[in-house]
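Start at 1 and go down the list; that is how both ligands and their atoms are numbered. When reading the values below, keep in mind they use all heavy atoms of this one structure, side chains included, and skip hydrogens, waters and symmetry mates. Note that this is a predicted model, so its numbers are computed, not measured.
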Amino acid sequence: MKRKVSVAPMMDCTDRHERYFLRLISKNTFLYTEMIVDEAISRGNKKKLLEFNINEKPVALQLGGSSPKLLAEASRVGEEFGYDEINLNLGCPSKKVEKNRFGACLMKEPNLVADCLVKMQSKTKLPVTIKTRIGYDNVEDYEHFYNFISILKQTGVKTFIIHARKAMLGKFTPKQNLNIPPLKYDYVYRLKKDFPNEEIIINGGIKSVEEIKAHLEKTDGIMIGRAAYHTPYLLAEIEKEIFKNNNVPSRQHIIEQLIPYIKDEIKKGTRINQIMRHTLGLFHGQNGASHWKKYLSENMCVRDADVQKIDHIMDKIKYKKIEQRVG
Ligand SMILES: Cc1cc2nc3c(=O)[nH]c(=O)nc-3n(C[C@H](O)[C@H](O)[C@H](O)COP(=O)(O)O)c2cc1C
């Protein structure tokens with residue numbers, strides 16, 4: 001089952017470079033793009049917004065929007081670009097997003113969401129999935145959540161990703177909305193019992209393999225956000241423990257594999273920090289991890305980096321030293 005473990009869509013985090021990097025660590029996790037707004041796809045530079053490296057697959061494109069027409073068109077374009085799934089964001093609580101009528105505020109408009117999902121599915125053969133919360137503001141009873149999912153299910157959507165806390169619309173900052181409303185995993189477990197034939201993925205606050213194992217007893221899959229970003233080598237542990245893959249690369253090997261990608265990207269005009277910023281947490285928890293972070297912070301912002309400079313920087317990077325100390 002391909003969505004057993006996935007990495008959450010995260011703005012400014014899960015761009016194509018992060019996904020390429022994570023894929024070097026883990027072959028089996030399912031990856032998501034950052035949220036991309038339907039209108040940006042319609043009016044903007046599609047190639048710049050949507051192109052990705054084939055090695056990142058499987059990757060889902062997450063869309064934001066509430067126009068059935070624009071979302072349908074964006075889904076079609078997403079399929080053309082080679083994505084494996086189209087996901088609709090019904091969980092983002094930011095004020096800006098609410099003003100534009102997408103994200104978590106759409107939980108107030110299930111019929112509009114259903115309309116969007118029908119149109120999206122009519123324009124793509126890819127699975128169309130949703131990511132939502134368990135409620136919003138004072139609307140937090142299980143029955144309301146159940147009814148919301150029931151309406152969406154009638155459109156033919158089979159996969160529901162649930163961030164197991166409610167959204168406080170317009171009241172909290174996005175950061176507060178990721179931490180303050182309490183996690184209610186039991187809502188998601190109950191949803192799985194009520195919809196045994198649908199794929200129910202749980203998200204929110206998951207940080208360890210033990211937690212993952214416990215959630216997998218009661219749901220079909222888990223999605224990890226911040227822990228995967230800040231401690232990416234957790235995905236290696238997941239490969240070993242959850243996917244029983246004993247062929248997991250070392251941290252050093254991951255960086256070595258990243259170098260040809262960096263060189264290639266530099267030639268296309270990418271700056272080294274656009275890639276390396278995602279690797280800051282690679283040695284998290286290891287002796288000497290602070291050397292890695294410090295060295296990167298001081299050196300990854302070089303301007304006009306050319307391939308020689310990258311070689312020089314990579315030679316100097318202290319990862320070898322770190323690995324030796326770790327043993
Ligand atoms: C920096 C950041 C950006 C995020 N951007 C998105 C986004 O674009 N779309 C989305 O559905 N959720 C977004 N989220 C929410 C995450 O997908 C996830 O639901 C949330 O972080 C809870 O999971 P976690 O506790 O494992 O981090 C974002 C979260 C963070 C921390």
Using the rule that two of Ile, Leu, Val, Met, Phe, Trp, Tyr join whenever any of their side-chain heavy atoms come within less than 4.5 Å, decide whether Phe102 and Met168 are in one cluster.
no
Considering non-hydrogen atoms of the protein only, which is the closest contact for atom 11 (O) of ligand 1, and what is the distance?
Gln62 NE2, 2.8 Å
Taking the six-membered ring for Trp, are Phe21 and Tyr261 ring centroids under 6.0 Å apart?
no
Side-chain donor-acceptor contacts of residues 227-237 below 3.5 Å, not counting sequence neighbours, with atom names and distances?
from, atom 1, to, atom 2, distance (Å)
Tyr229, OH, His278, ND1, 2.9
Thr231, OG1, Ala227, O, 2.5
Tyr233, OH, Pro249, O, 2.7

Would you mind running through ligand 1 and noting each atom that sits below 4.0 Å from a heavy atom of Arg226?
21 (O), 24 (P), 25 (O), 26 (O), 27 (O), 31 (C)
With under 30° as parallel and over 60° as perpendicular, where do the rings of Tyr189 and His215 fit, or are they tilted in between?
tilted
Tell me whether Arg3 is salt-bridged to Asp220, with the criterion being a basic N under 4.0 Å from an acidic carboxylate O.
no
Which atoms of ligand 1 sit under 4.0 Å from any heavy atom of Asn89?
9 (N), 10 (C), 11 (O)
Would you say the side chain of Thr219 lies within less than 4.5 Å of the side chain of Ile201, judging by non-hydrogen atoms?
no
Can the ring centres of Phe195 and Tyr146 be said to be less than 6.0 Å apart?
yes
Residues in salt bridge (Lys or Arg N to Asp or Glu O under 4.0 Å) contact with Arg23, at least two apart in sequence or another chain
none
Which residue is it: Tyr83, Tyr32, Phe81, Tyr20? I am looking for the one with a ring-ring contact (aromatic ring centres under 6.0 Å, His included) to Phe52.
Tyr83
Atoms in ligand 1 flagged as close to Ala8, the criterion being non-hydrogen separation under 4.0 Å
16 (C), 17 (O)
Among the heavy atoms of Asn203, does any lie under 4.0 Å from an atom of ligand 1?
yes
Could you tell me which atoms of ligand 1, counted from 1 in the order shown, lie closer than 4.0 angstrom to a heavy atom of Met35?
8 (O)
Ala227 touching ligand 1 at heavy-atom level, < 4.0 angstrom:
no
Under 3.5 Å, side chain of Gln121 to main-chain N/O of Val128, donor-acceptor pair present?
no
Can you list the ligand 1 atoms lying under 4.0 Å from a non-hydrogen atom of Lys131?
10 (C), 11 (O), 12 (N), 15 (C), 16 (C), 17 (O), 18 (C), 19 (O)
Which ligand 1 atoms are under 4.0 Å away from a heavy-atom of Met11?
1 (C), 3 (C), 4 (C), 5 (N), 6 (C), 8 (O)
Out of curiosity, is Gly91 lining ligand 1, as in a heavy atom under 4.0 Å away?
no
Quick note on ligand 1: atoms under 4.0 Å from a heavy atom of Gly205 include exactly 24 (P), 25 (O), 26 (O)
Per atom 31 (C) of ligand 1, closest listed option by heavy atom (Ile224, Leu90, Leu178, Asn179):
Leu178
Could you tell me the residue and atom name of the protein heavy atom closest to atom 26 (O) of ligand 1, and the distance to it rounded to 0.1 Å?
Gly225 N, 2.8 Å
Ranked by distance from atom 7 (C) of ligand 1, the top protein heavy atom is Pro9 O, 3.5 Å
Classify the contact between Met10 and ligand 1 as side chain, backbone, both or neither, using a heavy-atom distance cut-off of under 4.0 Å.
both
